[in-house]
Amino acid sequence: MSLTLFNSLSRKPEPFVPLHPDRVTMYVCGPTVYNYVHIGNARGPVVFGILARLLRRHFPRLVYARNITDVDDKINQAAIEQQVPIGTITDKFAAAYREHMGALGVDLPDLEPHATAHIPQIIAMCERLIESGHAYAAEGHVLFAVETYPEYGQLSRRSTDEMLAGARVEVAPYKRSAGDFVLWKPSTPELPGWDSPWGRGRPGWHIECSAMCEAAFGETIDIHCGGIDLQFPHHENEVAQSVCAHGGKPFARYWLHNGMLNMDGRKMSKSLGNVFRIDEVLANHPAEALRLALMSAHYRQPLDWTEGLIEQCVRTLDRLYGTLRELASIQVGAGAIPETVESALLDDLNTPQALAALAQIAADARRASDDAERARLKSGLLAGGLALGLLQQDPAAWFARGTADGGLDAAAIDARVQERQAAKQARDFARADAIRKQLAEQGIEVEDTPAGPRWKVAAK
RNA sequence: GGCCUGGUGGCAGAGUGGUCAUGCAGCGGCCUGCAAAGCCGUGAACGCCGGUUCGAUUCCGACCCAGGCCUCCA
């Protein structure tokens, strides 16, 4: 089985072959830490995290970097408003980012480069671009000269002419050409800045990713991932800077772009204000259901974020964990990932198909009567779940989810369930039903089994 | 306006030139004191119009609709 990835560069699925057989390199554009991120920001980390796990299974070594951009005008603005150094802002939100991603089951990358730790590399890259004629200094700025890179626009499929013709933004007077973008810009005394050949200043938006990729991986990386909204201008500019700084060597060989999360059919975005912060969503829903929701559509498709979607994911997990609960007595060790799940993932990360395969395995497992067969299927279910970052908790923990912090006390629920059981055994069904109804009103569903009663937190 | 996606059953969402996606919800049955869970069975789809083909939801073209990027954005 081999991995196929849809490459934004060619707009086609391509077999993935790493540049060096012994090492795969992958870079995901991480957050600019000026605020809490929203649930849409988690889609890339979740699906590309699944890709990272997949690559680790199929190649001897993966080095996966996800950056933190910790210098930026929005950070500066927040720092000025709160009268604190930018580090106070960036430390706080970088920590929150890690915490929220962790809650969603996103693995930490191997490397987490910070832009402010790469200022010398950024300056060096600017100098090289100036020396080679691809950039120029003007009024304390360093600008990339788009016209020196004829392939500019290749990734996002747009021509320089069209962009210049359609330019709506006022062009700064120091730009030679309207499409030129800033690599370095001057800082006023109240803004953070670093000494440079062009005076005290700070990096522009795109250069940090180029510099960090180079620092971590060298001139050419295998896979570069990010949201489709970053394709232009961010990724296009990264390509231009890196290729020109490296004498024409390719920058990223495979570009992967994830689709946007929508709210009522519109992109969830900070500028539109139609966002759900991750901590808000986590407060109201099981994290694993949110993770499942983020992979419920193929990563390149847009995904409508609704309460109904989350509820459906909770029910889906109820069923999968229900299967595992039924198989609780079957002992299994670590197993191989079922072929149906793995082949779906190898086909451009087709998570919906992988989930369908998982559902099929669960159904087979419930029907199987032979213990050896049940063990095999349970092992496959757990291994397939692990590949997706799902199904790794104790089923009992899933069904009792949120009782401790949701104002419900598991021991008290147990006591009520026992009361009902006693009433039942006394054939006082009216009382038993009254207790069950009361618990249902608290969101607890009681189920009777041959082994005695059990309960779970109901899907909303 | 330019460039680019996509329109699949009640909902979500894969996929395919000619037999099944899958999940949730629904319906009938089994089980249950009654339920729930589970099991068995079951209906239901490919935006619109042409074309290619023995045959198209799948390929081609036009049209309609929705969304994204062109400005900070995952």
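All values derive from a computational prediction rather than experimental measurement. In what follows, chains carry the letters A, B, and so on, assigned in the order in which the sequence lines appear, proteins first and then strands, with residues in each chain numbered from 1.
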Worksheet item: Between which residue ranges does RNA chain B form stems of three or more consecutive Watson-Crick or G-U wobble pairs, both distances under 3.5 Å?
Response: B:1-7 with B:64-70, B:10-12 with B:22-24, B:26-30 with B:38-42, B:49-51 with B:59-61

Discussion item. If I pick the P atom on A44(B) and the same atom on U5(B), what distance separates them, to the nearest angstrom?
Written reply: 35 Å

Discussion item. Measuring only the P atom in each nucleotide, how far is A35(B) from G29(B)? A whole number of Å is fine.
Written reply: 11 Å

Worksheet item: With respect to the side chain of Arg454(A), which nucleotide from A37(B), A74(B), G15(B) is positioned closest?
Response: A37(B)

Practice prompt. May I have the distance from Arg157(A) (atom CZ) to U5(B) (atom P), rounded to whole angstrom?
Written response: 8 Å

Discussion item. On RNA chain B, compare the nucleotides closest to Asp347(A) and Ile228(A); which residue's is nearer the 5' end?
Written reply: Asp347(A)

Worksheet item: Any chance the side chains of Asn67(A) and Thr69(A) put a donor and an acceptor closer than 3.5 Å?
Response: yes

Worksheet item: So what does Leu358(A) touch, heavy atoms closer than 4.0 Å: a base, only the sugar-phosphate, or nothing?
Response: nothing

Worksheet item: When you compare C59(B) with G7(B), how far apart are their P atoms, in angstrom units rounded to a whole number?
Response: 11 Å

Worksheet item: If you check the Leu303(A) side chain, which of G13(B), C72(B), A74(B) turns out closest?
Response: G13(B)

Fill in: P gap between C70(B) and C60(B), integer Å
29 Å

Fill in: Selection from A74(B), A14(B), C70(B) that lies nearest to any side-chain heavy atom of His298(A)
A14(B)

Fill in: Nearest-angstrom distance, P atom, A62(B) to U58(B)
15 Å

Discussion item. For a 4.5 angstrom cut-off between non-hydrogen side-chain atoms, does Ser296(A) reach Leu309(A)?
Written reply: yes

Worksheet, complete the sentence: Ile361(A) CD1 to A21(B) P, in whole Å, measures 19 Å

Practice prompt. Have a look at Gly44(A) and say if it touches a base, only the backbone sugar-phosphate, or nothing, with a 4.0 Å heavy-atom cut-off.
Written response: nothing

Discussion item. Looking at Val332(A), is its backbone amide N or carbonyl O close enough to the side chain of Lys378(A) to form a donor-acceptor pair, meaning the two atoms are under 3.5 Å apart?
Written reply: no

Fill in: Presence of Asn350(A) side-chain N/O under 4.0 Å of G15(B) phosphate oxygens OP1/OP2
yes

Ignoring hydrogens and angles, write down the donor-acceptor pairs under 3.5 Å from the side chains of residues 90-97 of chain A, residues two or more places apart or on other chains.
residue  : atom : partner  : partner atom : Å
Thr90(A) : OG1  : Ile86(A) : O            : 3.2
Thr90(A) : OG1  : Gly87(A) : O            : 3.4

Discussion item. At 4.0 Å (heavy atoms only), tell me whether Gly265(A) reaches a base, stays on the sugar-phosphate, or touches nothing.
Written reply: sugar-phosphate

Worksheet entry | Any Arg366(A) side-chain nitrogen or oxygen under 4.0 Å from OP1 or OP2 of C39(B) | yes

Worksheet entry | Distance in angstrom units between Trp455(A) CH2 and A37(B) P, rounded | 17 Å

Give every donor-acceptor pair under 3.5 Å between a side-chain atom in residues 382-395 of chain A and any protein atom, sequence neighbours left out.
residue   : atom : partner   : partner atom : Å
Gln392(A) : NE2  : Leu382(A) : O            : 3.1
Gln392(A) : NE2  : Leu390(A) : O            : 2.8
Gln393(A) : NE2  : Glu288(A) : OE1          : 2.7
Asp394(A) : OD1  : Ala396(A) : N            : 2.9

Practice prompt. Just grab all the salt bridge (charged side-chain N to carboxylate O under 4.0 Å, His left out) pairs involving residues 1-13 of chain A, residues at least two apart or on different chains.
Written response: none

Worksheet item: Which part of the nucleic acid, if any, lies within reach of Ser296(A) when heavy atoms closer than 4.0 Å are counted: base, sugar-phosphate only, or nothing?
Response: sugar-phosphate

Discussion item. For Asp264(A), I'd like to know if atom CG has over 12 heavy atoms of other residues, nucleotides or ligands within 6.0 Å.
Written reply: no

Worksheet item: Is Arg300(A) near enough to G6(B) that one of its side-chain N or O atoms lies under 4.0 angstrom from OP1 or OP2?
Response: no

Worksheet item: Is the centre of the Trp255(A) ring less than 6.0 Å from the centre of the His235(A) ring?
Response: yes

Discussion item. What's the gap between U42(B) and C20(B) when it is taken at their C1' atoms, as a whole Å value?
Written reply: 15 Å

Worksheet item: Distance between the C1' atoms of G15(B) and A21(B), in whole angstroms?
Response: 7 Å

Check: residues 350-357 of chain A side-chain donor-acceptor pairs under 3.5 Å, at least two apart:
residue   : atom : partner   : partner atom : Å
Asn350(A) : OD1  : Gln353(A) : N            : 3.1
Thr351(A) : OG1  : Met295(A) : O            : 2.8

Fill in: Distance, rounded to the nearest Å, where Ile75(A) contributes CD1 and C72(B) contributes P
16 Å

Worksheet entry | Rounded distance in Å - CG (Leu349(A)) to P (G15(B)) | 12 Å

Worksheet item: Side-chain N or O of Lys267(A) less than 4.0 angstrom from OP1 or OP2 on C69(B)?
Response: yes

Discussion item. Closest-nucleotide mapping onto RNA chain B: is Gln353(A) or Arg266(A) further toward the 5' terminus? I mean the 5' end.
Written reply: Gln353(A)

Worksheet item: Rounded to whole angstroms, how far apart are CG on Leu317(A) and C1' on A37(B)?
Response: 16 Å

Worksheet item: Out of A37(B), G2(B), C40(B), which has the shortest distance to the side chain of Lys456(A)?
Response: A37(B)

Worksheet item: Do His224(A) and Tyr27(A) have their ring centres less than 6.0 Å from each other?
Response: yes

Discussion item. Is it true that Asn237(A) and Tyr152(A) share a donor-acceptor pair across their side chains at a distance under 3.5 Å?
Written reply: yes

Discussion item. So if I take every side-chain heavy atom of Ala359(A) and compare against C70(B), G38(B), G23(B), which nucleotide ends up nearest?
Written reply: G23(B)

Item to complete: At under 4.0 Å between heavy atoms, which parts of nucleotides 24-35 of chain B does protein reach? Answer with one letter per nucleotide, 5' to 3': B base, S sugar-phosphate only, - none.
Response: SS-------BBB

Fill in: Main-chain N/O of Glu280(A) paired with Asn284(A) side-chain donor or acceptor, under 3.5 Å
yes

Response to the item:
Between CG of Leu327(A) and P of A37(B) the distance, given in whole Å, is 18 Å

Discussion item. By the 4.0 Å heavy-atom rule, please label Gln301(A) as base, sugar-phosphate, or nothing.
Written reply: sugar-phosphate

Discussion item. Nearest to the side chain of Ala297(A), heavy atoms from C-beta on, is which of G13(B), C4(B), A74(B)?
Written reply: G13(B)

Worksheet item: Within this structure, what is the CG-to-P distance between Leu9(A) and C3(B), rounded to whole angstrom?
Response: 20 Å

Discussion item. I'd like the P distance from G28(B) over to G50(B), given in whole Å.
Written reply: 41 Å

